[in-house]
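In what follows, chains carry the letters A, B, and so on, assigned in the order in which the sequence lines appear, proteins first and then strands, with residues in each chain numbered from 1.
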Amino acid sequence: MSQERFYITTAIAYPNGAPHIGHGYELIATDAIARFMRLDGRDVLFLTGSDEHGQKMQQTAEREGISPRQLAERNTARFREMGPALNASNDDYIRTSEERHYKTCAALWEKMVATGDIYLDKYAGWYSVRDEAYYDASELTKGADGNYTAPSGTPVEWVEEESYFFRLSRYQDKLLELYERVPNFISPETRRNEVMSFVKGGLKDLSVSRTTFDWGIPVPGDPKHIMYVWVDALTNYVTATGWPDETHPRAKFWPADVHIIGKDIVRFHTVYWPAFLMSAGLPLPKRVFCHGFLFNKGEKMSKSVGNVIDPFALASHYGIDPVRYFFLREVPFGQDGSYSPEAIVQRMNADLANDLGNLAQRSLSMIAKNLGGELPQPGPLGDEDKAMLAEADGLIAMAREAMSDFALHQMLSRIWAVIAEANRYFAGNEPWALRKSNPERFGTVLWVTAEVLRQVAILTQPVMPTACGKLLDILGVPVDKRSFAELGGGARIVGGSTLPAPVAIFPRYVEAETE
RNA sequence: GGCACCGUAGCUCAGCGGUAGAGCAGGGGAAUCAUAAUCCCUUGGUCGGCGGUUCAAAUCCGUCCGGUGCUACCA
């Protein structure tokens, strides 16, 4: 019996600076999905990485007097460190400057050539020498002297450069057919609408090589050209599976199940990428999911405004798990979201410390103090107990349903609804009064509560791996009994076992005194 | 300019043809096992404006206003 596979990727980051919270958000969300699938029994490949070539890297390196490779080396290190800093469980970290990627890109290029989709022509456009960039005619303004200038105010001239082109125009119908045949190929739907209207508007062939700089992957047979951004960058997803080596241990992972990307790069992933793959005769990824942007108190983050949030600082200040929980619970996945210190503290205290943390603490410390730490065996279950358990048992099905569209926020909201119900159950049964009046009932209420906590903790592991691990520790759940196979009522927490001393899992956040 | 989406309680949003909902915030009460956490009750909305379809519209249609995204043009 072969295990079901799941291949998920983030976009690869351009390490022309330091990682910001947008990179962190994408990594956290993708990681949570990857962890979910692993716990649900899939054989997962989770890939992230960096896109290190290109003119900007080369320019920045020149400015700093180092080689592009040295710059990539230095900046990529910081992006890599973000993995551990946010507790990401990626199986690989790919860099487009790696040898393996050069091989795969060359192979993909040759396939496209063989199909007849690559041809040599001239790339013509308005070029600003000072900016070292091309501008579209629509971006230009006409000066008093009749000459055109770029948005930056610099003069532009008409330049023609030899370039290889990809016959994107051939793929218009095939792409539209794809979007119709696989309606969730692009989600959320609003992104799908945009892409479809763009493709319906007609596709022009794509310039896919450059000769004006050399920090990139050489075009096979014509090394004065390097592959221009999209062929190079997108192909990383295939590289990681070892293609074209069909005996590679990871060959089985292509096609990817989902690419998680930001909404700014939708077109490249849903138009260019599938067209390249069709041309090369490779299977297409099953889905592309676009998340939104994060705003700082409703304002766009930008370096010039100085409101950019550093993911490292955020995680070290509030803790990795609370930060992960906050972004995944607060922001409907696929929509834009907003960050503020007040909002994160609100979530930490209300959802984590009060609702979940305190429920665990009050019930487990009751077991520790009154029962010598021995988890009670339940007596006969009443309707109320059964209803409570049924809610917990129903969680896994609801979670899978939500996750079929990567609705992490929805999954969390449903889990927290059960936690709220457990608080009602606990308060309604008043175990502190039952302690003397009805010891058997006392034990039953505590057992049911512990069982609900067990299922909640197992299911929330993808979002808060460390904290949920600790919670499962103090619930006495063995490490090999923490997968989703243990959910839904088929397995129960074992009464009669001795639990470790309870410790607070989610401390209340109190703002440090600012003298 | 075109296309799409959105505008519902102070805030974030769900509902998408059948008597206005959730969470948080605000107000009152209960309890005291617990990280002063929890539980119960409660204030609060002409569902952006106007017009239409319908026995019935937040929900469908038209139009206007406001916002967002994609795209085009003014060469």
Quiz item: Picking from B:rU38, B:rC40, B:rU35, which would you name as closest to the side chain of A:Ala504?
Solution: B:rU35
Practice problem: Identify whether NZ of Lys or CZ of Arg in A:Lys263 sits under 6.0 Å from the centre of the six-membered ring of A:Phe293 and within 45° of that ring's axis. | Solution: yes
Exercise. Searching all strands shown, indicate the nucleotide that pairs with B:rC13 (Watson-Crick or G-U wobble; both distances under 3.5 Å).
Key: B:rG21
Quiz item: Atom CD1 of A:Ile186 and atom P of B:rG69: how far apart are they, to the nearest Å?
Solution: 19 Å
Exercise. Scan every strand shown for a Watson-Crick or G-U wobble partner of B:rA37, both distances under 3.5 Å, and answer none if you come up empty.
Key: none
Quiz item: Between A:Ala360 and A:Gln335, who's closer to the 5' end of RNA chain B by nearest nucleotide?
Solution: A:Gln335
Self-check item: Separation of the P atoms in B:rC47 and B:rA58, to the nearest angstrom
Solution: 7 Å
Quiz item: Do any side-chain nitrogens or oxygens of A:Lys200 fall under 4.0 Å of OP1 or OP2 in B:rC3?
Solution: no
Practice problem: Using the C1' atom on both, measure B:rC41 against B:rG69 and round to a whole Å. | Solution: 43 Å
Exercise. Provide the closest heavy-atom pair for A:Gly292 versus A:Asp336 in the form atom of the first, atom of the second, distance.
Key: CA-OD1, 3.3 Å
Quiz item: Just checking A:Arg191: base, sugar-phosphate only, or nothing, at a heavy-atom cut-off of under 4.0 Å?
Solution: sugar-phosphate
Quiz item: Choosing from B:rA34, B:rC40, B:rG69, which nucleotide comes nearest the side chain of A:Gln361?
Solution: B:rA34
Self-check item: Inter-nucleotide P distance (B:rU35, B:rC16), Å rounded
Solution: 43 Å
Quiz item: Do any side-chain nitrogens or oxygens of A:Asn349 fall under 4.0 Å of OP1 or OP2 in B:rU35?
Solution: no
Quiz item: With a non-hydrogen cut-off below 4.0 angstrom, is A:Gly201 in contact with a base, only sugar-phosphate, or nothing?
Solution: nothing
Quiz prompt | P-based separation of B:rA14 from B:rG7 [nearest Å] | solution = 7 Å
Self-check item: Touch class at under 4.0 angstrom, heavy-atom based, for A:Ser197 against every strand present
Solution: nothing
Quiz item: Separation of A:Trp432 atom CH2 from B:rA31 atom C1', in whole Å?
Solution: 6 Å
Self-check item: Presence of A:Arg508 side-chain N/O under 4.0 Å of B:rA37 phosphate oxygens OP1/OP2
Solution: yes
Quiz item: Are the charged groups of A:Arg191 and A:Glu194 less than 4.0 angstrom apart, N to O?
Solution: yes
Exercise. Decide yes or no on ring pair (Phe, Tyr, Trp, His ring centres under 6.0 Å) for A:Phe442 and A:Trp447, but give the supporting numbers first.
Key: CA-CA 9 Å; A:Phe442 177 62; A:Trp447 180 85; over 10 Å; no
Quiz item: Once you round it to whole Å, what is the distance between P of B:rC40 and CD of A:Glu421?
Solution: 9 Å
Self-check item: Lys/Arg-Asp/Glu bridge criterion (N-O < 4.0 Å) met for A:Asp117, A:Arg170
Solution: yes
Quiz item: Is there a donor and acceptor pair closer than 3.5 Å between the side chain of A:Asn354 and the base of B:rA37?
Solution: no
Exercise. Using heavy atoms to find the nearest nucleotide of RNA chain B for A:Glu194 and A:Asp336 separately, return the residue whose nucleotide is more 5′.
Key: A:Asp336
Quiz prompt | Proximal nucleotide (of B:rC70, B:rA34, B:rC39) relative to the A:Ala427 side chain | solution = B:rC39
Quiz item: Which part of the nucleic acid, if any, lies within reach of A:Ala353 when heavy atoms closer than 4.0 Å are counted: base, sugar-phosphate only, or nothing?
Solution: base
Practice problem: Under 4.0 Å between any heavy atoms, over every strand shown, what does A:Lys263 touch: base, sugar-phosphate, or nothing? Just pick one. | Solution: nothing
Self-check item: Under 3.5 Å on both distances, the Watson-Crick or G-U partner of B:rC60
Solution: B:rG52
Exercise. Please measure how far the C1' atom in B:rA4 lies from the corresponding atom in B:rG49, and state the result in whole Å.
Key: 22 Å
Exercise. Report the nucleotide, chosen from B:rA34, B:rU38, B:rC33, that has the shortest atom-to-atom distance to any side-chain atom of A:Met366.
Key: B:rC33
Practice problem: Taking atom P in both B:rA22 and B:rG45, compute the distance separating them and give it to the nearest angstrom. | Solution: 15 Å
Quiz item: What nucleotide among B:rA34, B:rA14, B:rC24 has an atom nearest to a side-chain atom of A:Gln346?
Solution: B:rC24
Quiz item: Applying a 3.5 Å limit to both distances, which nucleotide forms a Watson-Crick or G-U wobble pair with B:rG7?
Solution: B:rC65
Practice problem: Could you state the atom-to-atom distance from CZ of A:Arg347 to C1' of B:rU35 in whole Å? | Solution: 19 Å
Quiz item: Tell me: CG of A:Asp355 to P of B:rC24, nearest whole Å?
Solution: 7 Å
Self-check item: B:rG26: pairing nucleotide in any strand, Watson-Crick or G-U under 3.5 angstrom
Solution: B:rU42
Quiz item: Among B:rC33, B:rA37, B:rC13, which is the nearest nucleotide to the side chain of A:Asn358?
Solution: B:rA37
Practice problem: Kindly say whether the aromatic ring centers of A:Phe333 and A:Phe406 come within a distance under 6.0 Å. | Solution: no
Quiz item: How long is the line joining CD of A:Gln410 and P of B:rG15, in whole Å?
Solution: 9 Å
Self-check item: Watson-Crick or G-U wobble mate for B:rC70, both contacts under 3.5 Å
Solution: B:rG2
Practice problem: May I have the distance from A:Glu342 (atom CD) to B:rC24 (atom C1'), rounded to whole angstrom? | Solution: 14 Å
Quiz prompt | Pairwise P distance, B:rA20 and B:rC24 [rounded to whole Å] | solution = 24 Å
Quiz item: In whole Å, what is the span from the CG atom of A:Asn423 to the C1' atom of B:rC33?
Solution: 12 Å
Self-check item: The single option from A:Leu371, A:Asn370, A:Val445 passing side chain to side chain contact (heavy atoms under 4.5 Å, CB included) against A:Pro376
Solution: A:Leu371
Quiz item: Across all strands shown, which nucleotide pairs with B:rU32 by Watson-Crick or G-U wobble geometry, both distances under 3.5 Å?
Solution: none
Quiz item: With ring centroids as reference points, do A:Phe166 and A:Phe276 lie under 6.0 angstrom apart?
Solution: yes
Exercise. Classify the nucleic acid contact of A:Leu364 as base, sugar-phosphate or nothing, counting any heavy atom under 4.0 Å across all strands shown.
Key: nothing
Quiz item: According to the interplanar angle, ranging from 0 to 90°, do the rings of A:Tyr509 and A:Tyr318 count as parallel (below 30°), tilted (30 to 60°) or perpendicular (above 60°)?
Solution: tilted
Self-check item: P atoms of B:rC60 and B:rC73, separation to the nearest Å
Solution: 34 Å
Practice problem: Report the nucleotide, chosen from B:rC39, B:rC13, B:rA34, that has the shortest atom-to-atom distance to any side-chain atom of A:Ser365. | Solution: B:rA34
